Protein chains: 2
Amino acid sequence: MATTARQGPYFCGIDAAMDVVSGKWKVLILWELHHHGTRRFAELRRGLPGVSEKMLIQHLREMEEDGLVHREVYREVPPKVEYSLTEDGVALNTALAPLGDWGTERMRRTGAAKVR
Amino acid sequence: MATTARQGPYFCGIDAAMDVVSGKWKVLILWELHHHGTRRFAELRRGLPGVSEKMLIQHLREMEEDGLVHREVYREVPPKVEYSLTEDGVALNTALAPLGDWGTERMRRTGAAKVR
DNA sequence: TCGGGTACTCACCTCTTGGTAAGTGGTCGG
DNA sequence: CCGACCACTTACCAAGAGGTGAGTACCCGA
């Protein structure tokens, strides 16, 4: 994904949505931003145990490019950057809700483990 | 994915759902089976231009293992195998609908190309 | 008899994804 | 003066996702 292509011809809407959402941490970032509103880089990193800084940035950049998250840079001396969801990102999150319910139900049935 | 792990600890329901749905052709298979009810292997292959036989089988097997699709083998001389969605697969498809709408809307806005 | 269709399996190879670890420049607390 | 924190960037590397092409056992139509 990422560097090249993207926006490639899609079969249907789900296909297009999956393109934007595929990436190990993307939906988790969405979820985190949705629940906390605005978060700084280090806050996100701490909120997603196991994520590498490289992937976090890469995903955030792609999601910014895709118009899902807004990136606000404060030119202060200890650098400060705040990430938040755009309208589009909020809509995506809403559209993901039923899928989340399905997954939760499935976890309950299969007894899958949960992190934190 | 696939051979090892799976059912790994999840952060939330969306995470669990994404695990089951991640794979280049999975949502398309879901979509195809949902729209046609029951399909044979070759019909699916023809319905998803570009899919390789290897991936199609691999995905179908994983989805069967995950309880999303049902596989019915007819012991006839020209081999015949029919695939259909389970209740769980239908529910997943329903849960994916809003995401599909979001993606369709997005395609409209960005003017992304569509296959076939 | 030749080709095509059925539903696969297998071996091999490539490209992408994602992880690790180090470096950057500045500031603040102890 | 040492280390930690901030928000990154860069180079390198391993695993795996997915593609290609061949083979299989059988039958049917031309």
Side-chain angles (χ1 to χ4, degrees), chain A residues 1-8 11 15 18-29 32-33 38-66 69-84 115, chain B residues 1-8 11 15 18-29 32-33 38-66 69-84 115:
Chain A
M1 152 201 11
T3 44
T4 52
R6 243 151 196 307
Q7 248 84 295
F11 285 85
D15 196 15
M18 289 300 295
D19 184 27
V20 141
V21 127
S22 66
K24 195 169 176 183
W25 305 92
K26 292 246 179 110
V27 291
L28 274 353
I29 294 173
E32 193 74 10
L33 287 178
T38 290
R39 297 231 96 181
R40 300 183 57 176
F41 181 79
E43 286 173 337
L44 281 172
R45 199 204 320 139
R46 281 190 295 263
L48 305 173
V51 73
S52 64
E53 299 197 341
K54 176 195 152 192
M55 285 318 297
L56 185 51
I57 293 203
Q58 201 177 105
H59 282 168
L60 284 169
R61 290 283 146 86
E62 286 173 17
M63 292 166 78
E64 191 192 353
E65 214 176 302
D66 289 335
V69 314
H70 174 70
R71 182 164 173 268
E72 187 81 34
V73 183
Y74 297 85
R75 294 208 134 277
E76 303 175 355
V77 171
K80 179 177 168 186
V81 180
E82 283 186 348
Y83 295 92
S84 54
V115 163
Chain B
M1 153 199 11
T3 43
T4 52
R6 244 151 196 305
Q7 249 82 297
F11 285 85
D15 196 13
M18 290 300 295
D19 184 26
V20 142
V21 128
S22 67
K24 195 170 176 182
W25 305 93
K26 293 244 180 112
V27 291
L28 274 354
I29 293 173
E32 193 74 10
L33 287 178
T38 289
R39 298 230 95 182
R40 301 182 58 174
F41 181 78
E43 287 173 336
L44 280 172
R45 199 204 321 138
R46 281 190 294 264
L48 304 173
V51 73
S52 65
E53 299 197 342
K54 176 195 153 193
M55 284 319 295
L56 185 51
I57 293 203
Q58 199 177 105
H59 282 168
L60 284 169
R61 289 284 147 85
E62 286 172 18
M63 292 166 79
E64 191 192 354
E65 213 176 303
D66 288 335
V69 314
H70 174 70
R71 182 164 174 268
E72 187 81 33
V73 183
Y74 297 86
R75 295 207 135 278
E76 303 174 355
V77 173
K80 179 177 168 186
V81 180
E82 283 185 347
Y83 294 93
S84 54
V115 163

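Being a predicted model, the structure only gives us computed values, none of them experimental. Throughout, protein chains are lettered first and strands after them, A, B, ... in sequence-line order, and every chain is numbered starting at 1.
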Inset, instruction - Take atom NZ of B/K24 and atom C1' of D/dG16, then tell me their distance rounded to the nearest Å. - result: 15 Å
Legend entry - Any residue meeting side-chain contact (heavy atoms from CB on, under 4.5 Å) with A/I57, in chain and number order, not counting sequence neighbours: A/F41, A/R61
Legend entry - For B/E64, all residues meeting salt bridge (Lys or Arg N to Asp or Glu O under 4.0 Å), sequence neighbours excluded: none
Legend entry - Nucleotide C/dG18, atom P - distance to CG of A/L28 in whole Å: 12 Å
Inset, instruction - Rounded to the nearest angstrom, tell me the gap between atom CG in A/L48 and atom C1' in C/dG19. - result: 16 Å
Inset, instruction - Just jot down the salt bridge (Lys or Arg N to Asp or Glu O under 4.0 Å) partners of B/E72, sequence neighbours excluded, or say none. - result: none
Legend entry - side chain to side chain donor-acceptor pair (under 3.5 Å) partners of B/R39, counting only residues at least two apart: B/E32
Would you tabulate the pairs of protein nitrogen or oxygen atoms and nucleotide nitrogen or oxygen atoms of nucleotides 5-12 of chain C closer than 3.5 angstrom?
from	atom 1	to	atom 2	distance (Å)
C/dT6	O3'	B/R40	NH2	3.0
C/dT6	O3'	B/P79	O	3.1
C/dA7	OP1	B/R40	NE	3.0
C/dA7	OP1	B/R40	NH2	3.1
C/dA7	OP2	B/A42	N	3.0
C/dC8	OP1	B/R61	NH2	3.3
C/dC8	OP1	B/R71	NH2	2.3
C/dC8	OP2	B/Y83	OH	2.9
C/dC8	N4	B/E53	OE1	2.3
C/dT9	OP1	B/R61	NH1	3.3
C/dT9	OP2	B/R61	NH1	3.1

Legend entry - Atom-pair distance (OH on A/Y74; P on D/dC8), nearest Å: 13 Å
Legend entry - Whole-Å gap separating P (C/dC15) and CE (B/M55): 17 Å
Legend entry - Step-by-step side-chain contact (heavy atoms from CB on, under 4.5 Å) determination, A/R45 to A/E53: CA-CA 7 Å; A/R45 199 204 320 139; A/E53 299 197 341; 3.4 Å; yes
Inset, instruction - Whole angstrom is fine here: how far is it from CD in B/E76 over to P in D/dC28? - result: 12 Å
Legend entry - Whole-Å distance separating the CD atom of A/Q58 from the P atom of D/dA11: 14 Å
Identify all side-chain donor-acceptor contacts of residues 73-84 of chain A below 3.5 Å with residues at least two apart in sequence or on another chain.
from	atom 1	to	atom 2	distance (Å)
A/Y74	OH	A/E82	OE1	3.1
A/Y83	OH	A/R71	NE	3.3

